[in-house]
Protein chains: 2
Amino acid sequence: MNRILIDPAEWAPDRTVVLSDRRAVHIRTVLRAVPGSELRLGLIDGPTGTGIVRSVSDSAVMLECVFESALPPDPPLLDLLLALPRPKVMKRFWPVLASFGVRRVGLINAERVERVYFDSHVLEPGFIRAQLLEGCEQAGGTRLPQVTVHRRFRPFIEDELADWSPGTCRIVAHPGTAARMRDRVSPDPAGVLLAVGPEGGWNAFELGLLESRGFQSVGLAGGALRTDVACIALLALVRDLQA
Amino acid sequence: MNRILIDPAEWAPDRTVVLSDRRAVHIRTVLRAVPGSELRLGLIDGPTGTGIVRSVSDSAVMLECVFESALPPDPPLLDLLLALPRPKVMKRFWPVLASFGVRRVGLINAERVERVYFDSHVLEPGFIRAQLLEGCEQAGGTRLPQVTVHRRFRPFIEDELADWSPGTCRIVAHPGTAARMRDRVSPDPAGVLLAVGPEGGWNAFELGLLESRGFQSVGLAGGALRTDVACIALLALVRDLQA
């Protein structure tokens with residue numbers, strides 16, 4: 001953890017917080033904090049701050065918290081449409097998405113997505129939030145990605161996508177495309193909306209519909225990558241171009 | 001699998017091969033091959049080729065194989081020194097390294113690597129080979145990375161590193177460095193040797209010794225990433241610059 005994240009509801013009016021979960025274990029056993037130690041804190045979806053350890057016991061850690069008055073600057077805007085991968089992959093992927101500072105994640109359907117994936121526990125809001133917090137703590141941010149699930153591809157693209165950040169540079173990853181990310185993305189204050197397909201790729205209808213909505217195709221250098229690995233590669237390329 | 005890989009020892013003088021392991025299952029149930037189907041093949045560390053299915057049964061698939069006379073072109077040279085991650089991470093990471101077409105992988109020690117990691121079964125040659133094959137099949141290549149394990153950091157850097165591809169561009173990933181991959185790597189026929197540290201980073205001695213051997217530091221845009229995610233991001237940036 002590069003930052004301990006506190007839920008605003010946990011914070012008492014006297015500016016203290018008592019932690020007794022995995023964060024307390026981390027503070028005690030990994031950070032080896034003692035009374036007086038200073039820790040990097042954040043309020044979830046709020047400002048960063050500092051916590052001074054007031055007491056440490058086997059069961060709890062008490063912190064006195066001071067938070068900045070201003071929110072930390074947002075990273076360059078990066079939204080992701082991801083064809084829902086199989087649950088085993090999705091489960092591991094939540095912290096990754098948070099650590100890249102993705103703002104919105106839309107999990108969408110596609111022909112090559114199996115319908116049962118949408119019934120998995122890895123899409124339960126409580127599970128998602130816990131996993132996103134882990135990634136946020138790793139990356140040192142405070143803002144959790146907003147996650148939405150869209151079981152029908154065409155209605156989502158035709159009716160709902162218009163509400164997603166107008167003016168972003170729309171990119172669709174499609175294996176075999178010669179154009180690279182650097183040919184499409186410039187450091188642009190309007191941000192990037194990246195669409196990543198399922199294992200096996202988009203079908204022709206899906207790719208056509210995305211292109212009709214302004215998505216430009218890009219490919220990756222080298223051989224075919226597993227979808228989750230390709231998605232990390234694509235997010236890294238966008239972040240590098242935005243910086 | 002984008003390519004079925006055959007061990008040269010499996011290939012009979014009559015140019016046929018009989019498969020009865022996970023490859024046979026894949027050919028039967030995923031590719032749904034029937035007699036006459038053509039499959040993309042490769043000889044491990046050898047040429048690509050084509051297999052014509054001669055028979056399919058519940059227990060075995062017989063292929064007639066034709067391989068190219070020339071080896072496929074090597075991808076741009078990319079070698080990796082990786083501070084050994086914990087076994088759970090390393091286990092998942094083998095196919096990833098193969099799918100990026102990394103030529104040599106040296107797993108090295110560092111202060112923040114736990115010694116017990118070197119005794120894990122994920123470093124057994126048979127396990128490594130099976131995992132690398134999976135990544136190679138995914139990426140469509142035929143060449144497996146060469147893997148070596150180096151339990152002592154300083155003797156390796158001082159005495160053995162000289163044997164690693166002289167003339168490559170040497171890069172060490174170090175969080176917080178302002179210089180980016182694109183500032184250091186150009187499309188260079190001599191290739192890239194990338195060093196990626198442990199969770200928590202290199203210590204000052206390790207970074208200094210690497211820099212004394214010509215490694216130049218680079219950082220990634222955005223927040224801190226888990227080491228395996230950062231490594232994928234770095235490999236993707238190198239591959240993009242080499243293409």
Side-chain angles (χ1 to χ4, degrees), chain A residues 1-3 30 40 42 72 75-76 78 88-89 92-93 95-102 134-143 175-176 178-183 187 199-201 218-243, chain B residues 1-3 30 40 42 72 75-76 78 88-89 92-93 95-102 134-143 175-176 178-183 187 199-201 218-243:
Chain A
M1 285 190 211
N2 287 302
R3 191 177 302 285
V30 179
R40 297 176 69 199
L78 172 52
K88 188 178 155 188
V89 172
R92 289 202 306 255
F93 215 54
V96 175
L97 297 176
S99 66
F100 273 104
V102 175
E134 188 186 302
C136 232
E137 288 165 341
Q138 164 76 38
T142 68
R143 196 179 292 274
R180 292 288 153 69
M181 195 68 82
R182 61 175 176 256
D183 302 323
E199 210 71 56
V218 303
L220 284 168
L225 300 174
R226 224 171 50 205
T227 299
D228 56 327
V229 177
C231 191
I232 294 173
L234 292 158
L235 291 170
L237 290 173
V238 173
R239 281 297 185 218
D240 187 62
L241 290 162
Q242 286 181 319
Chain B
M1 285 190 211
N2 287 301
R3 189 176 302 284
V30 180
R40 298 176 68 199
L78 171 52
K88 187 178 156 188
V89 172
R92 289 203 306 257
F93 215 54
V96 175
L97 296 176
S99 66
F100 273 103
V102 175
E134 188 187 301
C136 230
E137 288 165 342
Q138 163 74 39
T142 67
R143 195 180 291 275
R180 292 288 154 70
M181 195 68 82
R182 61 176 176 255
D183 302 323
E199 210 71 57
V218 303
L220 284 167
L225 300 174
R226 224 171 49 205
T227 299
D228 55 327
V229 178
C231 191
I232 293 172
L234 292 159
L235 292 170
L237 291 172
V238 172
R239 281 298 185 221
D240 187 63
L241 290 163
Q242 285 182 319

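Nothing here was measured: the structure is a model prediction, and the numbers come from that model. Letters go in sequence order (proteins before strands), and every chain restarts at 1.
Rounding to the nearest 0.5 Å gives a distance of 10.5 Å between CZ of B:R180 and CG of A:L241.
Among the candidates A:G222, A:C136, A:S99, the residue making the largest number of heavy-atom pairs closer than 4.5 Å to chain B is A:S99. When A:V229, A:I232, A:L225, A:L234 are compared by the number of non-hydrogen pairs under 4.5 Å with chain B, A:L225 comes out ahead. Note: B:A224 leads B:A224, B:G223, B:A236 in heavy-atom pairs under 4.5 Å with chain A.
Heavy atoms closer than 4.5 Å to chain B are found in the side chain of A:E199, but not in its backbone. Of the atoms belonging to A:V96, it is side-chain heavy atoms, and not backbone ones, that fall under 4.5 Å from chain B.
Among all heavy-atom pairs drawn from A:A221 and B:R239, the shortest one is CB-O, 3.4 Å.
Sorted by first and then second residue, the pairs that involve residues 223-237 of chain B and meet salt bridge (Lys or Arg N to Asp or Glu O under 4.0 Å), not counting sequence neighbours, are B:R92-B:D228, B:R226-B:D228.
Residues meeting the salt bridge (Lys or Arg N to Asp or Glu O under 4.0 Å) test with B:R182, sequence neighbours left out: A:D240.
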